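Chain letters run A, B, ... following the sequence lines, proteins first and then strands; every chain starts at 1. In what follows, every heavy atom counts, from backbone to side chain, and hydrogens, waters and symmetry copies are set aside. Keep in mind that this is a model prediction, so the values were computed, not measured.
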Amino acid sequence: NAGVTQTPKFQVLKTGQSMTLQCAQDMNHNSMYWYRQDPGMGLRLIYYSASEGTTDKGEVPNGYNVSRLNKREFSLRLESAAPSQTSVYFCASLKTGWVGETQYFGPGTRLLVL
Amino acid sequence: AQTVTQSQPEMSVQEAETVTLSCTYDTSESDYYLFWYKQPPSRQMILVIRQEAYKQQNATENRFSVNFQKAAKSFSLKISDSQLGDAAMYFCAYRSDAQKLVFGQGTRLTINP
């Protein structure tokens with residue numbers, strides 16, 4: 001049981017390049033999330049997926065697209081990277097049940113856009 | 001929109017002492033969850049403790065406990081017998097609609113040996 005995994009761990013892009021951040025979870029959770037964390041700040045929601053086949057915008061969706069490929073995988077795509085997208089990106093999935101709900105986070109992807 | 005405020009950018013405590021981190025939030029909802037997450041230098045987000053708003057009893061997890069004041073919209077974290085491994089950024093978070101989390105700005109906790 002690996003939990004939430006993210007690839008890559010670190011990436012450097014030039015302005016205008018595109019890339020996809022991958023996220024997978026093996027806990028059979030329905031909901032998945034993408035957050036970004038800028039220096040000295042808490043996490044802000046980019047996009048989320050409440051279930052397979054659905055996606056919705058969060059607080060800061062501009063410049064990003066997402067795909068919920070299946071129940072396990074939720075990818076984040078930057079079509080044309082900008083320096084303002086330099087950040088640490090976290091994927092999370094949501095465990096729900098009678099004991100309550102908890103989001104479990106991946107290890108993060110550090111992205112530097114030059 | 002819900003907001004979460006952590007008014008202490010940095011805190012420090014002597015090893016083995018007790019420290020309290022503050023958090024306030026703003027919401028019109030009556031049913032929600034509140035969380036404290038720990039982020040060590042590895043950047044991993046680790047759940048410390050969770051509180052359901054409908055529960056009057058404050059949550060406790062070993063050395064970590066909360067003081068949940070629903071009317072005051074306050075949710076502080078108390079760490080007892082502080083250990084060097086507790087040094088990290090601590091984030092308070094509120095569970096918004098669709099289970100989205102709204103985070104505070106964080107408090108950097110330093111443990112002095």
Quick check on the hydrophobic clustering: are [X] and [Y] connected, directly or via other members, by side-chain heavy-atom contacts under 4.5 Å?
X     : Y      : value
A:L78 : A:Y33  : no
A:L21 : A:Y104 : no
B:V19 : B:V66  : yes

>> Which atoms of A:L43 are under 4.5 Å from chain B, going by heavy atoms: the side chain, the backbone, both sets, or neither?
In response: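 Both the backbone and the side chain of A:L43 come within 4.5 Å of chain B.
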> Non-hydrogen atoms of chain B under 4.5 Å away: do they reach the side chain of A:R110, the backbone, both or neither?
Replying inline: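 The side chain, not the backbone.
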>> Looking at every non-hydrogen atom in both residues, tell me the closest pair between A:Q103 and B:Y37 and how far apart they are.
In response: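 Closest heavy-atom pair between A:Q103 and B:Y37: O-OH, 2.8 Å.
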>> Counting neighbours of NZ on B:K78 that are heavy atoms of other residues, nucleotides or ligands and sit closer than 6.0 Å, is the number greater than 12?
In response: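 For B:K78, atom NZ is not crowded (no more than 12 foreign heavy atoms under 6.0 Å).
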>> Other residues, nucleotides and ligands only: do more than 12 of their heavy atoms fall within 6.0 Å of CG on B:N62?
In response: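 No, because the 6.0 Å sphere around CG of B:N62 holds 12 heavy atoms or fewer from other groups.
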Can you tell me how far apart [atom1] ([X]) and [atom2] ([Y]) are? Round to the nearest 0.5 Å.
X      : Y      : atom1 : atom2 : answer
A:F90  : B:L101 : CZ    : CG    : 13.0 Å
B:I49  : A:T102 : CD1   : OG1   : 11.5 Å
B:K100 : A:Y35  : NZ    : OH    : 9.0 Å

>> As an exercise: rank B:R108, B:Q6, B:M89, B:Q39 by heavy-atom pairs under 4.5 Å with chain A and give me the winner.
In response: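 The candidate making the most pairs under 4.5 Å is B:Q39.
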> Partners of A:Y89 by ring pair (Phe, Tyr, Trp, His ring centres under 6.0 Å), sequence neighbours excluded?
Replying inline: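 Applying ring pair (Phe, Tyr, Trp, His ring centres under 6.0 Å) to A:Y89 gives A:Y64.
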>> Quick check against the 3.5 Å criterion: does A:Q37 have a side-chain atom that pairs as donor or acceptor with the backbone of B:R43?
In response: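 A pair under 3.5 Å: no.
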